[in-house]
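What follows is one structure encoded as structure tokens, with my remarks underneath.
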2 protein chains.
Amino acid sequence: MGKKITIDDLTKKLQSPHHKITPQRKIVLQVFIENPGEHLSAEDVHYILRDKGYDIGLATVYRSLELLSELAILQKNDFGDGCRRYELNTANPDAHRHHHLICLKCGKVAEFADDLLEDLEVDIMEKSKFKILDHQVTFYGYCSKCQKQL
Amino acid sequence: MGKKITIDDLTKKLQSPHHKITPQRKIVLQVFIENPGEHLSAEDVHYILRDKGYDIGLATVYRSLELLSELAILQKNDFGDGCRRYELNTANPDAHRHHHLICLKCGKVAEFADDLLEDLEVDIMEKSKFKILDHQVTFYGYCSKCQKQL
DNA sequence: TTGCTTGCAAACAGTTTGCACCCGG
DNA sequence: CCGGGTGCAAACTGTTTGCAAGCAA
């Protein structure tokens, strides 16, 4: 199982002469901690921070998100909706990312465990001779609620 | 097996009072027919057409690509590299799209058959109660050639 | 003739970057 | 004090759109 990510983890991961802990970086991470399960874009985070009274530059949000995902604190996702979305990476470090089911009607994003893909990956590696390092999988359809309303 | 797509297919599919067959649409399709296996962006197509002496507006290329993928003549892909890419949709109409393996070193794009995902999809549908209509799957890694050069 | 299409330029959205100033360690 | 970080605005990229003129049917 993955463990909960805290601001302390950020502090630990930034223990490097090249990186600094700043209030901006802390508060960006805080947004994700306070919004578990959300898949937030840079604009989303910026908006949430505005709402909370923190007036930090949009460019800084972009830069923080990039840094946090490099540190594997956030997972970067591309749902093909025109912007990058991030979420807390709660998985253990050597596991792959998890994946998404997106409802085409209500936009709800559900998640599914990665291990279902293991067999598929092995199969594809054998057939294609590719050494697979990462994957991005998204399913589109209707969630249980929306199926009833169609 | 899928069949070869020709300009005639375009003519057939555009048999509607709302659509017209234009030289621009034909030549855009022609580019894909002449570049099998390529995953081309709008800019790619525009550039290729320039090179061939056809001076088509970029906006028209975008509009043609959109139309051709609505007609299921092209398949639209999102490889997360910042632009939409298209390729001929050679699969039979009721099959899902096929998927991609992208080499992180040389950028080579290989393809793999869709049917490997069938089981996975059924499994996910059962567990999640989502009715899955479509999916987008991309694997990233190193192709056989680049593995040797690492 | 009719109205879908085109080309162009302007508009757009999301993201990145240059630079002067700021501040954490 | 110093090198990385921030804010702002401008730049950039890929894409879309409004509109007048063009052309397929």
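Each chain gets a letter, A, B and so on, in the order the sequences are listed, and its residues count up from 1.
Distance from the side chain of Q24(B) is smallest for dG7(C) among the nucleotides dG7(C), dT5(C), dG25(C). Which of dT15(D), dG5(D), dT15(C) sits closest to the side chain of K20(A) comes down to dG5(D). Of the candidate nucleotides dG24(C), dG5(D), dT15(C), dG5(D) has the atom nearest to the side chain of H19(A).
Electrostatic pairing of K12(B) and D8(B) does not count as a salt bridge here, judged by no charged N lying under 4.0 Å from a carboxylate O. In this structure, E66(B) pairs ionically with K76(B), as a charged nitrogen and a carboxylate oxygen lie closer than 4.0 Å. We find that D44(A) and R85(A) are joined by a salt bridge, their nearest charged nitrogen and carboxylate oxygen being less than 4.0 Å apart. Between D78(A) and R84(A), none of the side-chain N atoms (NZ, or NE/NH1/NH2) sits under 4.0 Å from a carboxylate O, so this pair counts as no salt bridge. Ion pairing of K13(A) with D9(A) is absent here, as no side-chain N (NZ or NE/NH1/NH2) approaches a carboxylate O to less than 4.0 Å.
Rounded to whole angstrom, the span from the CG atom of D78(A) across to the P atom of dG14(C) amounts to 13 Å. The CD1-C1' distance, from I21(B) to dT5(C), rounds to 13 Å in whole Å. Going from atom CG of D81(B) over to atom C1' of dT13(D) covers 12 Å, rounded to whole Å. Distance H46(B) NE2 to dT6(C) C1': 12 Å, rounded to the nearest Å. dT6(D) atom C1' lies 14 Å from atom CG of L49(A), rounded to whole Å.
A sub-4.0 Å separation between OP1 or OP2 of dC23(D) and a side-chain N or O of T22(B) is absent. Dashed line: the shortest gap from a side-chain N or O of R84(B) to OP1 or OP2 of dT16(D) is under 4.0 Å. When the side-chain nitrogen and oxygen atoms of R25(B) are compared with OP1 and OP2 of dT5(C), one or more of them lie within a distance under 4.0 Å.
The stretch residues 56-72 of chain B touches DNA chain C through I56(B), G57(B), A59(B), T60(B), R63(B), each having a heavy atom under 4.0 angstrom from the strand. Using a 4.0 Å cutoff on non-hydrogen atoms, no part of residues 26-33 of chain B comes near DNA chain C.
When only modelled atom types and interatomic distance are considered, E111(A) and H99(A) share no side-chain donor-acceptor pair under 3.5 Å.
In this structure, H39(B) has its ring center no closer than 6.0 Å to that of Y86(B). You'll find the ring centres of F79(A) and H100(A) inside the 6.0 Å limit.
Nearest heavy-atom pair across F130(A) and G141(B) is CD2-C, 4.3 Å.
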